[in-house]
Amino acid sequence: MSVTSHDPGPYAGVGPQSEFNPYEAMLDRFEQAAKRLKLDPGVYDILKSTDRELTVSVPCLMDDGSYRVFRGYRVQHNLAVGPAKGGIRFAPDVTLDEVRALAAWMTWKCAVVGVPFGGAKGGVVCDPKALSIGEVERITRRYTAAIMDIIGPERDVPAPDVNTNEQVMAWIMDTYSMHVRHTVTAVVTGKPVGLGGSLGRREATGRGVLFVLREAAKVRNLDLTNAKVVVQGFGNVGGIGAELIHAEGAKIVGVSDIEGGIHCEAGLDIPKLIEWSKEHGSVVGFPGADAVGKEEIVELPCDVLVPAATENVIRQSNADQVKASIIVEGANGPTTARADEILQEKGVFVVPDILANAGGVTVSYLEWVQDRMGYFWEEDEVNRRLGIVMRRAFHEVHEMAEKHDVGMRIAAYMLGIDRVATFMSKRGIYA
Ligand code: NAD
């Protein structure tokens, strides 16, 4: 069956106009993968578009008695495979294009790891650092009420992302439950344990990073116990990732956060650094380490680089300076499309975001399953299942890369897009 397109051409006009627009970056990779898959033009058009984009006003009563109105988004990219899934971020620089890209990445990510969800993402334009906890709670509850009609355990299941956490998820769950008049734990994942949260969820993305790093090291014949590793970002993904990679025996020689970076050739004592960072609010100033600029951290000599902070940190202007032979993308979208080409020429093995950080959504799925069963597994069981999923996904992507002679990123897109397209074709397109 073929579906015709009314656009000028099936693959026309979606190249990246700006290196740093994440939606254009996503479309650029999508286009490369779609061409190789010889995707039906109609299916291409459907997958290129987002299914639904909701923009809402979020009025908030501030502590000083005034009202402020914040802007919120929830974008559902594709719902063919199941309920949409994706985090909610609170940040001053959230844009609709960023949320669109993140939503589409969630569609491909879920498909790559075989989790039966579609892709979504949400955001509220605000600076949580400048807000009181009460203000954050009121923004969360009003935003939840505003997107109520499109979320739910069968529709769209949010999760934490940048600047949102277990507490924010608990408020969303409570607000949704109050509106529908009964407790619905499965409406969000990443909740506190004891409130429908899963053991192992907090560590899941960092643990998933370790699982795929182990496989990448085998492919590249790198002994992890002798490896030097640099981690950018020391939050949920980077902090826990660094802790687990350190426990594996590797030397973490550099770490950074929003305040700056640190470097120690002999290797950082990560458990002590975690304590330091909790106490001082940053890794900066850690005794025995040299200061490094936030930008230079990705250029430090090392075997493995784990960007686990934010988007566009490896770009055309610095990709050539990257020394690592393996990059494991803990963050979403840390490498621009132009940087990808440079890294590929240099022979760097990149484990792309939609595979490398999929541990989070995998255990979110396990949390949703446990909520719906009303029965909770021990942490070992959650970690065991996560390991099976991550190893299988890594090798499926690697086989795709070898078979089509493409890098791991395009291979991951090909795998994810092909799975969603196959699902859609089997259902039939209601048009
Ligand atoms: P977080 O808020 O817990 O931590 C972010 C860390 O990055 C902090 O240490 C912050 O100081 C640092 N940071 C921010 N901007 C920086 C910069 N310019 N330079 C250096 N450090 C900087 O967030 P997180 O949950 O760890 O998410 C990090 C990335 O991982 C995001 O791209 C997110 O979308 C992605 N991700 C998170 C999860 C998850 O389960 N938390 C899952 C998949 C992907």
Side-chain angles (χ1 to χ4, degrees), residues 20 22 85-94 98-99 101-103 105-106 108-110 112-113 115 119 121-123 127-129 158-169 188-191 197-198 200-209 212 230-243 254-262 273-274 276-278 280-284 292-298 300 305-315 318 328-335 352-367 386 390:
F20 303 119
K85 188 88 194 76
I88 292 172
R89 57 175 59 180
F90 287 176
D93 52 358
V94 169
E98 180 189 46
V99 179
L102 289 159
W105 278 325
M106 286 305 296
W108 317 136
K109 192 180 296 186
C110 291
V112 164
V113 284
V115 160
K121 206 78 180 188
D127 181 2
K129 286 200 182 78
D161 195 69
V162 175
N163 293 328
T164 59
N165 56 18
E166 295 182 346
Q167 178 60 76
V168 172
M169 296 308 113
V188 278
T189 58
K191 298 177 295 295
S198 175
R201 171 62 185 89
R202 198 179 64 84
E203 300 83 1
T205 309
R207 193 176 301 280
V209 163
V212 293
V230 168
V231 181
Q232 181 189 43
F234 208 61
N236 177 274
V237 183
I240 293 168
E243 191 178 8
V255 162
S256 69
D257 61 25
I258 189 102
E259 306 295 334
I262 55 171
L273 180 59
I274 290 170
W276 172 274
S277 167
K278 270 188 203 148
H280 297 84
S282 170
V283 297
V284 171
V292 190
K294 257 194 317 187
E295 303 286 319
E296 290 93 83
I297 194 90
V298 299
L300 285 178
L305 173 64
V306 182
T310 187
E311 284 123 53
N312 299 328
V313 294
I314 305 172
R315 41 182 101 125
N318 65 6
V328 182
E329 294 183 337
N332 284 311
T335 310
D353 45 9
I354 58 172
L355 167 63
N357 67 37
V361 76
T362 302
V363 177
S364 273
Y365 166 57
L366 299 179
E367 179 175 330
L386 172 64
M390 296 305 291

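First listed ligand is number 1; within each ligand, the first listed atom is number 1.
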Interfacing atoms of ligand 1 (cut-off 4.0 Å, heavy-atom, [X]):
X: Ala331; value: 29 (C), 30 (O), 32 (O), 35 (C)
X: Gly235; value: 3 (O), 4 (O), 6 (C), 8 (C), 9 (O), 26 (O)
X: Ala308; value: 28 (C)
X: Asn357; value: 43 (C), 44 (C)

Flag [X] as yes when one of its N or O atoms lies below 3.5 Å from any N or O atom of ligand 1, and as no otherwise.
X: Pro160; result: no
X: Asp161; result: yes
X: Arg89; result: yes
X: Ile258; result: yes
X: Phe234; result: yes

Can you check side chain to side chain contact (heavy atoms under 4.5 Å, CB included) on Val162 and Thr310, steps first, answer last? CA-CA 9 Å; Val162 175; Thr310 187; over 6 Å; no
Which of the listed options, [options], holds the heavy atom that is closest to [atom]?
atom: atom 26 (O) of ligand 1; options: Ile354, Val363, Val237; answer: Val237
atom: atom 35 (C) of ligand 1; options: Asn163, Val162, Asn332, Thr205; answer: Asn332
atom: atom 3 (O) of ligand 1; options: Val298, Val209, Thr189, Asn236; answer: Asn236

Test log, rule side chain to side chain contact (heavy atoms under 4.5 Å, CB included), inputs Glu329 and Ile314: CA-CA 11 Å; Glu329 294 183 337; Ile314 305 172; 5.7 Å; no
Please list, chain by chain and in numerical order, all residues satisfying side chain to side chain contact (heavy atoms under 4.5 Å, CB included) with Asn163, sequence neighbours excluded. Phe90, Ala91, Pro128
Considering non-hydrogen atoms of the protein only, which is the closest contact for [atom], and what is the distance?
atom: atom 18 (N) of ligand 1; value: Thr310 CG2, 3.9 Å
atom: atom 19 (N) of ligand 1; value: Lys294 CD, 3.6 Å
atom: atom 31 (C) of ligand 1; value: Ala309 O, 3.6 Å
atom: atom 21 (N) of ligand 1; value: Asp257 C, 3.1 Å

Heavy-atom pair of closest approach, residues Arg315 and Asn318: N-OD1, 2.8 Å
So that I can tick it off, tell me whether Glu166 and Arg202 are bridged by a salt bridge, with the cut-off set at under 4.0 angstrom between side-chain N and carboxylate O. no
Carefully, step by step, assess Asn357 and Lys109 under the rule side chain to side chain contact (heavy atoms under 4.5 Å, CB included). CA-CA 9 Å; Asn357 67 37; Lys109 192 180 296 186; 2.6 Å; yes
Give a yes or no on whether the backbone of Val284 and the side-chain of Trp276 come within a donor-acceptor separation of less than 3.5 Å. yes
Mark yes or no for whether Asp161, through its side chain, and Thr164, through its backbone, hold a donor-acceptor pair below 3.5 Å. no
Exactly one of Asp257, Ile297, Leu273 clears side chain to side chain contact (heavy atoms under 4.5 Å, CB included) with Ile262, and that residue is Leu273
Is it the case that Ser364 and Arg201 place a side-chain donor and acceptor less than 3.5 Å from each other? yes
Could a heavy atom of Arg201 be found less than 4.0 Å from some atom of ligand 1? yes
Residues which pass salt bridge (Lys or Arg N to Asp or Glu O under 4.0 Å) with Glu203, listed by chain and number, not counting sequence neighbours: none
